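A short worksheet on the structure shown next.
All residue numbers refer to positions in the sequence shown, counting from 1. Because the structure is a prediction, the values reported are computed rather than measured.
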Amino acid sequence: MKFKFLIISALMFCTMSVSAQYREYVVGLKMGPSWNWMSSAKESASNNQTLVSFNYGLVVDKYFSEKCAVSSGLMVNHVRGDYDFHAQRSILNGVMPEYEVNVHRNLKATYLCVPVMLKAKVVEISGFDCYVQGGVDFGFRLKAMAKDAYLIGVYHQNDEDFSDTRDDFKLLHTSFDLGLGTEYQIQKSVKVFGQFVYNRALTNLTSNKYSRDGGPVLLPNYFAFEFGVLF
């Protein structure tokens, strides 16, 4: 009920103060650092540390009133993870028996994302338009590479290089975006902006086959500061 109330309130706000002076379409570029960590369902993995990465992309806003827009675009998101999980590993695959061990994994994945969000300008302060936005982010996996380390008895396996692990991760991934930001007009048709974004996974990052074989249920998260220019 609370969620429905928020949606109805946002739509009511967006229908207020409609003006003929707003530009219907605004495009731009954005980039910025993100701080990534992993959470997990059923405690199948544990996060070790927060890792910093970098995201960038194209912004497209379609305004249907002076204060409200549907915001989308294309983003390249670099998902980073440093986490532990339990898995079956062997000293020599296909030859030696497998044992359940604690695996320490360092993940580097890249997703091409299409956000679909509602953006609402809530207040203007000294020429700065402050806004909130929220919605869903649809990600398409471009690559996924990982480096593992684990211990079997006295045998220590520690990968020196990252290897291709795309089969361990789904092709499509969905997450929730919530942002707070501000815009400032520097020329007639040019604005600069900055925003804080929280992104939370809605779907398991790992593939169904990998999960059935004992792989962890991973829910990546990040907090980002993004800045850019709008035309």
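Heavy atoms only, all atoms of each residue included: L151 and V154 are closest at CD1-C, 4.2 Å. What you find for T182 and C130 is that their closest heavy atoms are OG1-SG, 3.9 Å. The nearest pair of heavy atoms linking A144 to D164 is O-OD1, 3.5 Å. Closest non-hydrogen pair, L218 versus A45, comes out as CD2-CB, 3.8 Å. Nearest approach of P216 to T206, heavy atoms of both residues: O-OG1, 2.9 Å. For the pair Y99 and I152, the tightest heavy-atom approach, listed with the atom from each and the gap, is CD1-CG2, 3.7 Å.
Taking OH from Y111 and CG from L205, the interatomic distance works out to 4.0 Å, rounded to the nearest 0.5 Å. In this structure, the separation between CG on D137 and CG on L178 is 12.5 Å, given to the nearest 0.5 Å. Interatomic distance, CG of L107 versus OG1 of T165, reported as 6.0 Å (0.5 Å rounding). Rounded to the nearest 0.5 Å, atoms NZ (K121) and CG (D129) are 4.5 Å apart. Atom CG of L202 sits about 6.5 Å away from atom OG1 of T174, to the nearest 0.5 Å. With values rounded to the nearest 0.5 angstrom, L51 atom CG is found 14.0 Å from H78 atom NE2.
Legend: residues meeting side-chain hydrogen bond (donor to acceptor under 3.5 Å, both in side chains) with K170, ordered by chain and number and at least two apart, are absent. The ring-ring contact (aromatic ring centres under 6.0 Å, His included) search around F128 returns Y184, not counting sequence neighbours. Residues satisfying the ring-ring contact (aromatic ring centres under 6.0 Å, His included) criterion with F85, sequence neighbours excluded, are Y83. Under the side-chain hydrogen bond (donor to acceptor under 3.5 Å, both in side chains) criterion, N158 pairs with no residue, sequence neighbours left out. Applying the side-chain contact (heavy atoms from CB on, under 4.5 Å) rule to S34 yields the partners N36, S53, N55, Y222, A224; only residues at least two apart in sequence or on another chain are considered. With sequence neighbours left out, the side-chain hydrogen bond (donor to acceptor under 3.5 Å, both in side chains) criterion links Q133 to Q195. Applying the side-chain hydrogen bond (donor to acceptor under 3.5 Å, both in side chains) rule to D177 yields the partners N199; only residues at least two apart in sequence or on another chain are considered.
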Exercise. How far apart are the C-alpha atoms of N47 and D82, what are their side-chain angles, what is the distance that settles it, and do they pass the side chain to side chain donor-acceptor pair (under 3.5 Å) test?
Worked result: CA-CA 6 Å; N47 187 72; D82 187 302; over 6 Å; no
Problem set entry | Test log, rule side chain to side chain contact (heavy atoms under 4.5 Å, CB included), inputs V59 and L29 | CA-CA 6 Å; V59 181; L29 300 172; over 6 Å; no
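At a threshold of 4.5 Å between non-hydrogen side-chain atoms, the residues V60 and S71 do not count as touching.
With V79 as the fixed residue, the side chain to side chain contact (heavy atoms under 4.5 Å, CB included) test singles out one of H173, K108, M38: M38.
If you check the side chains of D167 and S207, you find no donor sitting under 3.5 Å from an acceptor. Side-chain contact of R200 with S39: a donor-acceptor pair under 3.5 Å is present, judged by distance alone. Counting only N and O atoms by type, the side chains of D159 and Q157 include a donor and acceptor under 3.5 Å apart.
The hydrophobic cluster around F196 extends to M31, W35, W37, V52, F54, Y56, L74, V76, L112, V114, F140, L142, L171, L172, Y198, F223, F225, F227, counting ILVMFWY residues whose side-chain heavy atoms fall within less than 4.5 Å of a member. Under a 4.5 Å side-chain heavy-atom cut-off, the cluster of Ile, Leu, Val, Met, Phe, Trp and Tyr residues that includes M145 is completed by F162. Summarising the hydrophobic clusters (Ile, Leu, Val, Met, Phe, Trp, Tyr; side-chain heavy atoms under 4.5 Å, direct or chained), the residues clustered with V217 are none. In this structure, M117 stands alone, with no Ile, Leu, Val, Met, Phe, Trp or Tyr side-chain heavy atom under 4.5 Å from its own, directly or through other members.
Ion pairing between a basic and an acidic side chain is recognised when a charged N comes within 4.0 Å of a carboxylate O; E183 and K119 show such pairing.
A cation-pi geometry, defined here as NZ or CZ lying under 6.0 Å from the six-membered ring centre and within 45° of its normal, holds between K62 and Y25.
F231 and V192 fall within a single hydrophobic cluster, where Ile, Leu, Val, Met, Phe, Trp and Tyr side chains are chained together by heavy-atom contacts under 4.5 Å. Linking ILVMFWY side-chain heavy atoms closer than 4.5 Å, directly or via other members, places V197 and V136 in two distinct hydrophobic clusters. Under the 4.5 Å side-chain heavy-atom criterion for ILVMFWY residues, a single connected hydrophobic cluster contains both V132 and I125. Connection of V103 to I91 is established within a shared hydrophobic cluster, with ILVMFWY side chains joined at heavy-atom distances below 4.5 Å, either directly or through further cluster members.
In this structure, the side chain of N102 does not engage the main chain of H86 through any donor-acceptor pair within 3.5 Å. A donor-acceptor distance shorter than 3.5 angstrom exists from the side chain of Q185 to the backbone of Q187, with no hydrogens or angles considered. Remark: side-chain polar atoms of R80 are not paired, donor with acceptor, to backbone N or O of T50 under 3.5 angstrom. Using a distance-only test at 3.5 Å, with no hydrogens or angles considered, a donor-acceptor pair links the side chain of S40 to the main chain of S44.
Open room surrounds CD on E43; 12 or fewer heavy atoms of other groups in view lie less than 6.0 Å from it.
Applying the side chain to side chain donor-acceptor pair (under 3.5 Å) test to residues at least two apart or on different chains, the pairs with a partner in residues 141-151 are R105-D148.
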